[in-house]
Amino acid sequence: MKVLVVLALALATASAGILPQQTPVHPKDLPAVPSIEGRITNGKTASEGQFTYQVGLSFSSSSGGWWCGGSIIGNQWVLTAAHCTSGASSVTIYYGATVRTSAKLTLTVSSSSFTQHASYNSNTLKNDISLIKTSTVSFTNYINKVVLPSIASSYSTYAGQKAIASGWGKTSDSASGVASTLQYETFDVVSVATCQNSYGSVVASSTVICIATPNKTSTCSGDSGGPLVLVSDSKLIGVTSFVSSAGCESGAPAGFTRVTSYLDWIKSNSGISY
C-alpha cells in the first residue's frame, strides 16, 4: 500500500508539471525508534517559560500511541496537525512543560473534541490541520497563547524571513534515547518554488510553508503538529507537517501547513479571529 501511495503521488505531481526529487512523509510516520520522545534535530534547549504557547500531545488509539506538538491559540483551543489527530481516540495535553514529563498542567480529552479538517488527504498531505477543544485554561507566565497572523498577511510568502520551530522531536535520524527537554531552532523560510524543486507542486502548494534545513538541523519525528513562529512579530505561521523520507538530516526542506491559508477555517470552527 505504501508503494502505491508514493507512486500515485509521483504520478499526480508529474501531471502538475513539477517532478518531485524527494518523497515527503509526516514526521510522525518516520521509522519508529524505541522511544517516542526526543527533540528538534541538532537544535537548542529551551529555557522554562520561553515557549508558553507550546504544548505536548500524547495521543492514544486502539493500536498504540504517538507524540506530537501543538500551539495554544485560545483558552479552550489547541492547533495541531491532522495527521496527529487522525485515528486517535484521545489525547493528553501537556501545558507549560520544558521537561516533557513535568507539565504545569495536563488535560485529557476524547476524539469528540477534535475538529480535523474534513479535506485532509494523507496521500498528498493537503489540509494537514486540526483543532482540539479543551476546558478553559487559565493563562500564566508559563502557559499562554500564540497570536495568529492577520488576514492582511495571507498573500505574504514569508520567503527569506526567519522563523522558530520548537518541539520534542528526535535528536537525529538514528536517535533511540530519550531527550527530555523542549528544543528549538531558528530557520530561514524558503520560497514555494524552492520547496517544489524537492517535493513537486502537488505537495508543495500555496497552502504550505517550507524552511531550509542546513547543517542537519530540522524538525523530526515527535515534532509533528508543532509551531512555526515568525521571529519578527511572534505570530504563528506554520504547523509542522512533513519532512523528506530520506530523513531529518537529509538537507531537504521541511514543510508546514500555512496558517494564513486556514484563518477562515480556524475562525468558523473555533470562533477565534485573526
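Qualifying ring-ring contact (aromatic ring centres under 6.0 Å, His included) partners for Tyr262, counting only residues two or more places apart in sequence or in other chains: His117. For Ala82, the side chain to side chain contact (heavy atoms under 4.5 Å, CB included) partners at least two apart in sequence or on another chain are Gln116, Tyr120, Asp128, Ser130. Checked against side chain to side chain contact (heavy atoms under 4.5 Å, CB included), Ser47 has the following partners two or more places apart in sequence or in another chain: Gln50. For Ser150, the side chain to side chain donor-acceptor pair (under 3.5 Å) partners are Ser153, not counting sequence neighbours. Remark: Asn269 pairs with no residue by the side chain to side chain donor-acceptor pair (under 3.5 Å) rule, at least two apart or across chains. Partners of Ala159 according to the side chain to side chain contact (heavy atoms under 4.5 Å, CB included) rule, which considers only residues two or more places apart in sequence or in another chain, are Thr157, Ser191. Applying the side chain to side chain contact (heavy atoms under 4.5 Å, CB included) rule to Thr136 yields the partners Asn75, Gln76; only residues at least two apart in sequence or on another chain are considered.
For the pair Thr80 (side chain) and Gly69 (backbone), a donor-acceptor distance under 3.5 Å is present.
Minimum heavy-atom separation, Lys162 to Thr186: CB-CG2, 3.9 Å. Considering all non-hydrogen atoms of both residues, Phe59 and Ala88 come closest at CD2-CB, 3.6 Å.
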Do any side-chain atoms of residues 138-148 form donor-acceptor pairs under 3.5 angstrom with protein atoms, and if so which ones, sequence neighbours left out?
unit_1 : atom_1 : unit_2 : atom_2 : d
Thr140 : OG1    : Tyr142 : N      : 3.0
Thr140 : OG1    : Ile143 : N      : 3.1

Distance-only check: which donor-acceptor pairs under 3.5 Å involve side-chain atoms of residues 229-239, not counting sequence neighbours?
unit_1 : atom_1 : unit_2 : atom_2 : d
Asp233 : OD1    : Lys235 : N      : 3.1

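Counting only residues at least two apart or on different chains, the ring pair (Phe, Tyr, Trp, His ring centres under 6.0 Å) pairs with a member in residues 84-106 are Trp67-Tyr94. Residue pairs satisfying the side chain to side chain donor-acceptor pair (under 3.5 Å) criterion with at least one member in residues 105-115, sequence neighbours excluded, are listed as follows: Thr92-Thr108, Ser110-Ser112. Counting only residues at least two apart or on different chains, the salt bridge (Lys or Arg N to Asp or Glu O under 4.0 Å) pairs with a member in residues 45-59 are Glu48-Lys104.
Counting only heavy atoms from C-beta outward, the side chains of Ser206 and Tyr155 never approach each other to under 4.5 Å. For the pair Tyr199/Val208, no side-chain contact is recorded, criterion being any heavy-atom separation below 4.5 Å from C-beta on.
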Exercise for review: Go through Trp66 and His83 one step at a time and tell me if the side chain to side chain contact (heavy atoms under 4.5 Å, CB included) criterion holds.
Suggested key: CA-CA 11 Å; Trp66 55 90; His83 78 267; over 6 Å; no
Review point. Could you go step by step and tell me if Ser166 and Gln183 meet the side-chain hydrogen bond (donor to acceptor under 3.5 Å, both in side chains) rule?
Key: CA-CA 6 Å; Ser166 52; Gln183 300 288 300; over 6 Å; no
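Residue Ser261 holds its OG atom at 10.0 Å from CD1 of Ile266, rounded to the nearest 0.5 Å. Between the CD1 atom in Ile132 and the OG atom in Ser71 there is a gap of 10.5 Å [rounded to 0.5 Å].
For the side-chain contact (heavy atoms from CB on, under 4.5 Å) with Leu131, the qualifying choice from Val78, Thr85, Ile73 is Ile73, the only one to do so.
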